[in-house]
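Here is the structure we will look at.
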Amino acid sequence: MTGPAIILLLAGLGAIAWVSARARAMRLQTAARATGRRDAVHSLPGYHGWYVALWTLIPAGIFLAVWANVAPGLVTQSVLADPAAQALPADGFARSAILGEARAIASGLQAGAFNPASQALVEPYRTAISEYGIAGAALALILAFAGGAYAFTRIRPDFRARTRVERLVMMALLLASLLAIVTTLGIVASLLWESFRFFSMVNPIDFLFGVKWSPQSAAMGYGNDDAFGAIPLFWGTIFIGAIIAMIVAIPLGLMSAVYLTQYASPPVRKWMKPLLEVLAGVPTVVYGYFAALTVAPALRDFAVAIGIQGASSESALAAGLVMGVMIIPFVSSMADDSIAAVPQSMRDGSLAMGATTSETIKRVLVPAALPGVVGGVLLAVSRAIGETMIVVMAAGLAANLTLNPFASVTTVTTQIVQLLTGDQEFDSAKTLAAFALGLVLFVVTLLLNIVALRVVKKYREAYE
């Protein structure tokens, strides 16, 4: 029996268990109320249904998860015990290749065998896979029936099914929270460990304050000195994502939010807000093509026309402008929701005191909505800092430390992709530099969030 079939069968058993348990609980509770024992009824029938359904599904599901990891080893052992496996070579790599090919053919993942020795093992594999599949399905069904029967016998009017079910849901929520925390800790631990290995090869001072970035020269054997200065990468990230893009996104996003909430008529807002938010759904590769094929050549021709020498077809300005357009919805949506959430009494009070609409917006609405606006700006900054495709296609890969917006620059995320692309050796400073860059980016983002929380807390206290 295949995996999807057994899963569907178990889902059906769970549904049957839920309906049966709920019906039994309703009958028992009706009988209890008819005899005057209303205080004996504890949980609604639906909770009894969920209690039995969970006992039907969870033990069988846990067994299937374990069986999925155990069964392949049992299948391989069964095949190796077959007489056809006696002709397998002694070399471990060749043996694994033959067994893998035979398994792929038996599972239907491969049409034919490249090695004649694999064909002889196809039938033993099919037999073993079928036998262990049936055995696993049978054991899962037995567990499902046993768990459901045990829970079904516990149904009584005074049984605390709601407590059991809610406790299980709470445990599931706790596990989900712990999984998120453990995943974050794992990411941080990985960054710290690999960064520690990198800094054992490269001086941290040279990395954080050096102005020459040339990891390829270090990989070619010219040494790690003066090859991993990351200042050009940090500057490129700030220049494109936090300066140029924000100069575009913050004014346009904030002004569009003000217009949509304060000046636009309901029909205009109904159409304009979804159209604006469509920008957030456009794939970044499309923005990259637009920046590389349309914006960057136009900016280069403009720079040449006004007499700027050395203007590149890959420039920080092209990437920053397009990135700013891309993140306008992040600023606009957060600012729109924050301004709309300001109490109407604050608007009315300002207008009643003689303030104009523009003065009310400037002195009342925007300051009151500032926590949400700051949150939107920080979300936009994080999105811009982590963007890669637009920078690769429009800004280039050159690590230049320049103030010229028409020059080619690169960012931290782009270099991380470059360093980890292809077959890399994870014991070289060139590859490990990607983890050091990721660690710096993580620390900077964390500090930005801390500052944002302080700002939000300060203004929230002022307007509550």
Side-chain angles (χ1 to χ4, degrees), residues 180 182-242 245 283-289 291-292 314 316 319-320 322-323 326 381-401 408-446 448:
V182 170
T183 302
T184 303
L185 292 177
I187 293 172
V188 174
S190 176
L191 285 176
L192 289 173
W193 174 251
E194 301 297 344
S195 299
F196 175 78
R197 293 178 59 195
F198 172 75
F199 289 128
S200 66
M201 304 176 188
V202 177
N203 191 328
I205 302 300
D206 295 338
F207 174 76
L208 294 173
F209 300 101
V211 294
K212 181 182 178 182
W213 179 260
S214 181
Q216 191 61 36
S217 63
M220 295 173 63
Y222 293 105
N224 297 334
D225 296 337
D226 298 328
F228 292 99
I231 286 294
L233 309 186
F234 301 150
W235 169 246
T237 303
I238 296 172
F239 194 32
I240 294 176
T284 56
V285 67
V286 175
Y287 282 111
Y289 277 122
E314 296 176 332
V322 176
M323 193 182 299
M326 180 188 69
V381 170
S382 300
R383 181 69 178 84
I385 289 176
E387 176 55 40
T388 304
M389 187 59 68
I390 296 175
V391 179
V392 170
M393 300 180 70
L397 302 175
N400 294 324
L401 187 60
S408 176
V409 297
T410 190
T411 62
V412 170
T413 54
T414 303
Q415 286 302 309
I416 290 175
V417 172
Q418 288 294 114
L419 294 171
L420 295 179
T421 300
D423 296 331
Q424 303 292 341
E425 297 179 358
F426 279 81
D427 58 352
S428 67
K430 176 188 174 184
T431 305
L432 295 175
F435 295 94
L437 291 173
L439 179 63
V440 173
L441 200 61
F442 172 79
V443 172
V444 170
T445 306
L446 179 63
L448 282 174

Does Met389 have more than 12 heavy atoms from other residues, nucleotides or ligands lying within 6.0 Å of its CE?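 No, the 6.0 Å shell around CE holds no more than 12 heavy atoms from other groups.
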Should the heavy atoms of other residues, nucleotides or ligands under 6.0 Å from OH of Tyr289 be counted, would the total exceed 12? no
Could you tell me whether the side chain of [Y] reaches within less than 4.5 Å of the side chain of [X], counting heavy atoms only?
X      : Y      : answer
Arg197 : Thr431 : no
Leu432 : Val202 : no
Met323 : Val391 : yes
Leu233 : Leu437 : yes
Val417 : Val392 : no
Phe199 : Ile205 : no

Evaluation steps, ring-ring contact (aromatic ring centres under 6.0 Å, His included), between Phe435 and Phe198: CA-CA 8 Å; Phe435 295 94; Phe198 172 75; 9.8 Å; no
Cut-off 3.5 Å, no hydrogens considered: what does the side-chain donor-acceptor table look like for residues 182-192, sequence neighbours left out?
unit_1	atom_1	unit_2	atom_2	d
Thr183	OG1	Leu179	O	2.7
Thr184	OG1	Ala180	O	2.9

What's the shortest heavy-atom distance between [X] and [Y], and which atoms?
X      : Y      : value
Ile416 : Gly438 : CD1-N, 3.8 Å
Val409 : Ala316 : CG2-CB, 3.5 Å
Ala395 : Ala319 : CB-CB, 3.8 Å
Phe234 : Phe207 : CZ-CE2, 4.4 Å
Ser408 : Asn400 : O-ND2, 2.6 Å
Ala291 : Ala394 : CB-CB, 3.5 Å

Can you tell me how far apart [atom1] ([X]) and [atom2] ([Y]) are? Round to the nearest 0.5 Å.
X      : Y      : atom1 : atom2 : result
Thr284 : Arg383 : OG1   : CZ    : 6.0 Å
Trp213 : Leu401 : CH2   : CG    : 14.0 Å
Trp235 : Thr410 : CH2   : OG1   : 14.5 Å
Lys430 : Met201 : NZ    : CE    : 14.0 Å

Just by distance, do the side chain of Thr237 and the backbone of Thr411 share a donor-acceptor pair under 3.5 Å?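 Side chain of Thr237 to backbone of Thr411: no pair is present.
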